[in-house]
Amino acid sequence: MTRTTNISKVTPVVGLEIHVELATQTKMFCRCINQFGDEPNTHVCPVCMAMPGSLPVMNRQAVAFSIKVGLALGCTVPEYTKWDRKNYYYPDLPKNYQISQYDLPLAAHGVFEIPLESGETKAIRVLRAHLEEDAGKNIHDLPGCTGVDLNRAGVPLLEIVSEPDMNSVEEVLGYARSMQRLVRWLGVSEANMQMGHMRFEPNINLHIEAGGQTYKTPIVEVKNLNSFRALERAVAYEISRQTSEWKADPEGFTLAKLGKQNRGYDDNTEKTVFQREKEEAHDYRYFPDPDLPAVVVDEAWRESIAGDIGELPLARRQRYMDAYRLAFQEADALTMDAATGDLLDAAVAVGAEPKRCVNLLLGRAAAIAKERDCTIADLGIAAGQLAELATMLTDSNINATSAETVLVAVIEDGGSPAEIAEVQGLLQVSDTGRLEVWVDEAIAENPDAVAKAREGDKKVLGFLMGQVMKKSRGAANPGEANKLLKQKLGG
Amino acid sequence: MSQPIDENMVRHIGTLSRIELTDDEVRTFAKQLGDVLEYFDKLQQLDTEDVAPMAHAVELTNVLADDAPRNGLSTEQALANAPQHERDFFRVPKVLGEGS
Ligand SMILES: [Zn+2]
């Protein structure tokens, strides 16, 4: 044991590359459909199959989507951007080069604020975001060969590269999840993990303070993680692996001696694994693609995209906490996507009480959305319907339980909440004359309970209240009925 | 001066490009590529003090297409020229290691 292994502090230093598949209708350089999950080689053409003589034409929407993400991340979007060829050989890459951006990316030097569990936020710097094409898919489970499906070849892929500003597994996950929320929010990607719309490549090393010195372990890049779980496990595993490797060899296991390394990830063991690579694997020989003219993003184009961005998730969540007085969890749940908050804001704009709307949205509606694996907004509730129902609650025309029933009916069949409540007999009764009938019946039918209640038994009072509610089929205004019941018992 | 092209570099480029080269070819290409680069060295002698760097050889910009689908090839057409296919996949020798 050497002196240096007395570690006083270990700081993980993590940067993250995120690949996001853009939700354009068509591919990046041809007009084949950009769609996951279809039969192999059904969305292909001479361009994405790299037939000789075919020429790529850039998809305007892919460029616009990328600029949108860049601007939302506070990046500089330079006026002049171009595409380069990254040369390597793999069966899923028909041209033997990938069209990517080398020295003049579409967006650079931004900052992304991510929420931490403490409720604070942390600013993670974004180095660059560039637009490139995805490769096809190799299918490995065929007998004695590999199969290639080129449906994905040429699909636009935005690669967002962070600075190494994350210092814990929590921060890495927070950044990745926030990015998923952002690209969905902006409408540029479905960011569906099962469909491979997002892939992660973290690079990780440790700054270890021991014996008055700081040691840096080799930077490890883990390739191709396609779930949040894999990302979490890979980073956590690297932190513990690098700690023990360094302890075993404090002078040798360092960045200065070993440089950068690539590792793969094994889903079964949830560990990273050493990858043997050919020496020339990273000799990509980038050069400008002569087939693709550069793109000039002028002020007018940039401004029109910027004007389209609107309020971003963190800002909206804060506004909900400030203006609507929502708890963090509520505000967070309502800002998972843009449309649900838009619905809330629209209902409030026509006069509904924010808190009533929020309770409605986060009750049965949220549960149904979860069952259907969609957003609350996808349930199709109109702002007018939500406002009407919320106002019925405010005016005590319906109780909370019945309002949930009405909301479910609205989700399932549509219609006006007031009419549904009327038809289903769910309107709340506050009228003393009608309440008195139920209260009197409950008293007459339960002489024992009444006697105990008169002696001050609170539990029995609750029982009698339950009888009143039952007789009214939930329609009695509980406050009014309770008052009346007490009055009669107190006599 | 640009980096001289020696035979090792020609072999390296050959490997990167998946081209098998005989010793004779390596010698020939080293000479030819060397001559080409020598010519570029001549260009380096020009005074480019006041010339902005050129990022792209084509002056055109913003050749962009609308994001509207058009029919491509049928699967049958797509596979027609492939040396081999397995069901509707292009068939290639077994790829080992990570696939994406
Ligand atoms: Zn195509």
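None of the values given here were measured: they were computed from a predicted structure. So that the names make sense, note that chain A is the first sequence line, chain B the second, and so on, each numbered from 1.
- The greatest number of non-hydrogen atom pairs below 4.5 Å with chain B, out of A:C32, A:C30, A:P46, is found for A:P46.
- Across A:G264, A:P290, A:A62, the residue that shares the most heavy-atom pairs under 4.5 angstrom with chain B is A:P290.
- Shown here for A:I33 and B:P69, the closest heavy-atom pair between the two residues is CG1-CB, 3.9 Å.
- Contact annotation: the side chain of B:L73 approaches that of A:M49 to within less than 4.5 Å [non-hydrogen atoms, C-beta and beyond].
- For A:R60 and B:D67, the salt-bridge test fails: no basic side-chain N is under 4.0 Å from an acidic carboxylate O.
- Two residues are said to be in side-chain contact when any heavy atoms from C-beta on lie closer than 4.5 Å; B:R18 and A:N96 fail this criterion.
- Using a distance-only test at 3.5 Å, with no hydrogens or angles considered, a donor-acceptor pair links the side chain of A:N41 to the main chain of B:D88.
- With hydrogens and angles left out, the side-chain atoms of A:D283 and B:H12 include a donor and acceptor closer than 3.5 Å.
- Contact count versus chain A (heavy atoms, under 4.5 Å) is highest, among B:L60, B:L79, B:V58, for B:L60.
- To the nearest 0.5 Å, the span separating CG on A:N138 from CZ on B:F89 amounts to 10.5 Å.
- Taking the side chain as every heavy atom from C-beta outward, A:V295 and B:L64 approach each other to under 4.5 Å.
- Top candidate by heavy-atom pairs under 4.5 Å with chain B, chosen from A:G147, A:C48, A:C145, A:P288, is A:C145.
- Only the backbone of A:L292 comes within less than 4.5 Å of a heavy atom in chain B; its side chain stays farther off.
- A distance-only check finds a donor-acceptor pair linking the side chain of A:T146 to the backbone of B:V95 [under 3.5 Å].
- With hydrogens and angles ignored, the 3.5 Å screen pairs a side-chain donor or acceptor of B:K94 with a backbone N or O of A:H140.
- The minimum heavy-atom distance between A:T26 and B:A68, with the atom names listed, is CG2-C, 3.5 Å.
- In terms of heavy-atom pairs under 4.5 angstrom with chain B, the leader among A:Q61, A:H43, A:K82, A:R285 is A:R285.
- No side-chain heavy atom of B:T75 sits less than 4.5 Å from a side-chain heavy atom of A:E39.
- Residue B:G72 comes nearest to A:C45 through the heavy atom pair CA-CB, 4.0 Å, listed as atom of the first residue, atom of the second, then distance.
- Around OH of B:Y39, the count of heavy atoms belonging to other residues, nucleotides or ligands within 6.0 Å does not exceed 12.
- Options B:D66, B:I13, B:N81, B:N71 differ in how many heavy-atom pairs under 4.5 Å they form with chain A, and the most are formed by B:D66.
- With a threshold of 4.5 angstrom between heavy atoms, A:P40 approaches chain B through its backbone and through its side chain.
- With a 4.5 Å cut-off on non-hydrogen atoms, A:D289 touches chain B through its backbone but not through its side chain.
- Contacts of A:I139 with chain B are made by side-chain atoms alone, with heavy-atom separations under 4.5 Å and no backbone atom involved.
- At least one side-chain heavy atom of A:P143 sits under 4.5 Å from a side-chain heavy atom of B:E86.
- Neither the backbone nor the side chain of A:F29 comes within less than 4.5 Å of any heavy atom in chain B.
- Comparing B:S74, B:A57, B:S17 by how many heavy-atom pairs each has under 4.5 Å with chain A, the most go to B:S17.
- Pairing each heavy atom of B:R91 with each of A:G144, the nearest pair is NH2-O, 4.0 Å.
- Residues A:V57 and B:V63 share a closest heavy-atom pair of CG1-O, 3.9 Å.
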